[in-house]
There are 2 protein chains.
Amino acid sequence: MKEHLHKISLFVKNLDNEVLSVVQTISTTKHVKKGEYLLRHDEVCRHSYWIEQGVLRKFYVHEGKEHTTELLFENDIAVSLASYSLQKPGREYIQAITEAVVSQTDFASFQTAKKVYPQLMELDLLMTEYHAVWLEKRLYEFHTLDATQRYKLLLQEHPHILHTVPLTYIASYLGISLETLSRIRAKI
Amino acid sequence: MKEHLHKISLFVKNLDNEVLSVVQTISTTKHVKKGEYLLRHDEVCRHSYWIEQGVLRKFYVHEGKEHTTELLFENDIAVSLASYSLQKPGREYIQAITEAVVSQTDFASFQTAKKVYPQLMELDLLMTEYHAVWLEKRLYEFHTLDATQRYKLLLQEHPHILHTVPLTYIASYLGISLETLSRIRAKI
DNA sequence: CGAGGCCTTGACCGCGGTCAATGCCCGTGG
DNA sequence: CCACGGGCATTGACCGCGGTCAAGGCCTCG
C-alpha cells in the first residue's frame with residue numbers, strides 16, 4: 001500500500017503546473033462541523049473530498065445497524081465510488097467525526113478536465129487502482145485474521161485512532177460488535 | 001453492476017478502429033488446459049487475461065488453506081491487481097478450472113499504448129472502477145448476508161455454476177467450509 | 001474390483017452476537 | 001458546587017452460526 005501511495009504522490013509532484021491550476025479552479029475548500037454529513041443514503045455522490053484536516057467515516061445502514069466501511073484521515077480522499085462513478089444514488093453516508101477541512105472537487109468538472117488533460121485521467125486511474133487494492137486487502141484481512149488481530153493491526157496502522165475515533169465506529173469498521181471490541185481491549 | 005458493464009461495452013463499441021487494432025496487435029490468444037496455472041504465488045502478474053471460453057479462479061493460500069477470491073467466466077478479465085498495477089510479486093494464483101481460451105495482453109505494451117491512446121487509459125479506468133465496485137459489493141455481501149443467503153445469491157447470478165465449478169471452490173469462494181456448504185445444500 | 005477424488009453426515013466446540021444491567025465521564029442547570 | 005441525565009463503554013449470561021475432525025457414501029477410471 002505504501003508503494004502505491006508513493007507512486008501517486010510522485011505522479012502528482014510531476015504534474016504540469018497548468019494541470020495543477022486547472023484542478024485548483026474546479027475545487028473549493030469547505031469547512032465541516034463534527035457530525036455533519038457530506039453525503040447521505042440515496043443521494044448521488046457529485047463530489048470527491050480531499051481531506052486536509054480532520055476525520056471522516058463512510059458507512060451504510062443495514063437492518064437498522066450502521067456498518068462503517070471506511071475511516072478517512074488527512075490526505076485521504078472520500079468518495080462513494082459506486083454512486084460517484086455512475087452518478088446514481090447509492091447507499092453510503094459520508095460523515096465528519098471531527099471538525100474537518102476538505103477540498104471538494106466537482107464530478108462533472110473533473111470529467112471534463114480529464115478529457116482535456118490525459119494526465120488527470122491517469123491520476124484517476126492510479127487512485128482507483130489504489131482503492132481497489134485497498135479493498136482487496138480489507139477482504140483479505142477479514143478472511144485471514146480474527147477480530148483481535150484485526151484490531152491490533154488497525155492500531156498499528158493508525159496509532160492515534162483511539163484519540164479521534166469513538167470505539168463504536170472502530171468496532172463497526174472491524175466488523176464486530178462494540179461489546180466484543182470491549183472484551184478484546186480488556187484482554188490485551 | 002450490470003449498468004457498469006453496459007457502460008464499458010458501450011465504450012468499447014465506440015472505440016476508434018485504430019485503437020482496436022492496436023489492442024489486437026499487443027494481444028495473443030492462448031489455449032489453457034484444465035488445472036493449468038496462468039499465475040503463481042510470488043510471481044509478477046505481467047499479463048491480463050480476457051476470457052473467451054472456460055472458467056478460471058483466483059485464489060491465495062493462507063496457513064495451508066486455499067481461499068478463492070474470484071471465479072471468472074466468459075468475457076471476464078483475470079488479473080491479480082495488486083501484483084499487476086505495481087509489477088511486483090503477489091500472493092495470488094490464477095488457475096483454469098476448465099479447458100479455456102484466453103486473450104492475453106502484455107502489461108508493458110498496454111502501458112505504452114495507453115500513453116499514446118487516451119481512450120485506452122479511460123477504458124482501463126472504467127474497468128478498474130468496475131472491479132473496485134465489485135469488491136465493495138463483495139464486502140457488503142459478507143457483512144450483510146449469512147452463508148445460505150450468499151449461496152443462493154451466487155446461484156442466482158451464475159445459474160450454471162454447479163455444472164462447471166466443484167463445490168470445494170464454491171465453498172471457498174463463499175468463505176465457508178465444504179462441510180457447511182454441503183449442509184446448506186441439504187437443507188434447501 | 002479396488003483406489004482415490006469428491007461430497008455428505010455426525011458429534012462437538014469456540015468465536016463473536018445479543019440482551020440487559022452497570023459503570024463512568026462530562027456538561028448543564030438549580 | 002453539587003446533582004442529575006445522557007452518551008459512551010464495560011461486564012455478564014446465554015446462544016447460534018459455522019469450523020474442525022472423523023467416518024462413511026458414491027462415482028469414475030484404471
Side-chain angles (χ1 to χ4, degrees), chain A residues 33-36 55 57 59-69 71 95-99 138-155 158 160-188, chain B residues 33-36 55 57 59-68 71 95-99 138-155 160-188:
Chain A
K33 291 212 174 51
K34 180 173 174 172
E36 198 177 328
V55 184
R57 68 171 182 135
F59 68 98
Y60 60 86
V61 178
H62 177 79
E63 292 178 355
K65 195 160 291 180
E66 296 184 354
H67 295 248
T68 302
T69 54
L71 294 171
Q95 185 190 26
I97 59 186
T98 65
E99 299 256 327
R138 192 156 152 79
L139 271 162
Y140 177 74
E141 288 168 6
F142 271 111
H143 287 321
T144 59
L145 306 178
D146 65 22
T148 305
Q149 293 172 314
R150 294 203 300 278
Y151 176 64
K152 284 183 174 169
L153 184 59
L154 182 63
L155 288 190
H158 298 279
H160 302 309
I161 202 169
L162 292 175
H163 304 134
T164 40
V165 183
L167 291 180
T168 308
Y169 299 154
I170 294 181
S172 168
Y173 176 71
L174 293 172
I176 60 181
S177 68
L178 176 60
E179 292 94 324
T180 296
L181 177 57
S182 191
R183 282 182 251 270
I184 287 171
R185 286 161 48 76
K187 202 182 50 191
I188 293 182
Chain B
K33 291 211 174 50
K34 180 174 174 171
E36 199 176 327
V55 184
R57 69 173 182 133
F59 69 98
Y60 60 85
V61 177
H62 178 79
E63 293 179 353
K65 197 160 290 181
E66 296 184 354
H67 295 248
T68 302
L71 294 171
Q95 185 190 27
I97 58 185
T98 65
E99 298 257 328
R138 192 156 153 79
L139 271 161
Y140 177 75
E141 288 168 7
F142 271 112
H143 287 153
T144 58
L145 305 179
D146 65 20
T148 304
Q149 293 171 314
R150 294 203 300 278
Y151 176 63
K152 283 182 176 168
L153 184 57
L154 182 63
L155 288 190
H160 303 308
I161 203 170
L162 292 174
H163 303 135
T164 40
V165 182
L167 292 179
T168 309
Y169 299 154
I170 294 181
S172 168
Y173 176 72
L174 293 173
I176 60 180
S177 69
L178 177 59
E179 293 93 324
T180 298
L181 177 57
S182 191
R183 281 183 252 270
I184 287 170
R185 287 162 46 77
K187 202 181 51 191
I188 293 180

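Chain identifiers are assigned alphabetically (A, B, ...) following the order of the sequence lines, protein sequences preceding nucleic acid strands; residue numbering begins at 1 within each chain.
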Enquirer: For the pair A:H67 and A:Y60, name the ring-plane relationship: parallel under 30°, tilted 30 to 60°, perpendicular over 60°.
Expert: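 Aromatic pair A:H67/A:Y60 classed parallel.
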
Enquirer: So A:R185, base contact, sugar-phosphate only, or nothing? Heavy-atom distance under 4.0 Å.
Expert: sugar-phosphate

Enquirer: What is the distance, to the nearest angstrom, from the NZ atom on A:K187 to the C1' atom on D:dT10?
Expert: 15 Å

Enquirer: When the nearest nucleotide of DNA chain C is assigned to B:P166 and to A:I176 on a heavy-atom basis, which residue is associated with the more 5' position?
Expert: B:P166

Enquirer: Working to the nearest 0.5 angstrom, can you tell me the gap between A:K152 NZ and A:L174 CG?
Expert: 13.5 Å

Enquirer: Extract, from 5' to 3' on DNA chain C, the first and final nucleotides lying under 4.0 angstrom from some heavy atom of chain B.
Expert: C:dC7 to C:dA11

Enquirer: Would you sort out whether A:Y173 and A:R57 count as a side chain to side chain donor-acceptor pair (under 3.5 Å), showing the intermediate values?
Expert: CA-CA 9 Å; A:Y173 176 71; A:R57 68 171 182 135; over 6 Å; no

Enquirer: To the nearest angstrom, how far is A:I184 atom CD1 from D:dT11 atom P?
Expert: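 After rounding, the gap between these two atoms is 13 Å.
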
Enquirer: Mark yes or no for whether A:T148, through its side chain, and A:I184, through its backbone, hold a donor-acceptor pair below 3.5 Å.
Expert: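 Judged by distance alone, no pair lies under 3.5 Å.
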
Enquirer: Donor-acceptor check, side chain of A:T68 to backbone of A:S172, threshold 3.5 angstrom: yes or no?
Expert: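 No; judged by distance alone, with no hydrogens or angles, the pair does not exist.
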
Enquirer: Using a 3.5 Å distance criterion without hydrogens, assess whether the side chain of A:E141 forms a donor-acceptor pair with backbone atoms of A:R138.
Expert: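 The answer is no, because no donor-acceptor pair under 3.5 Å joins these two groups.
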
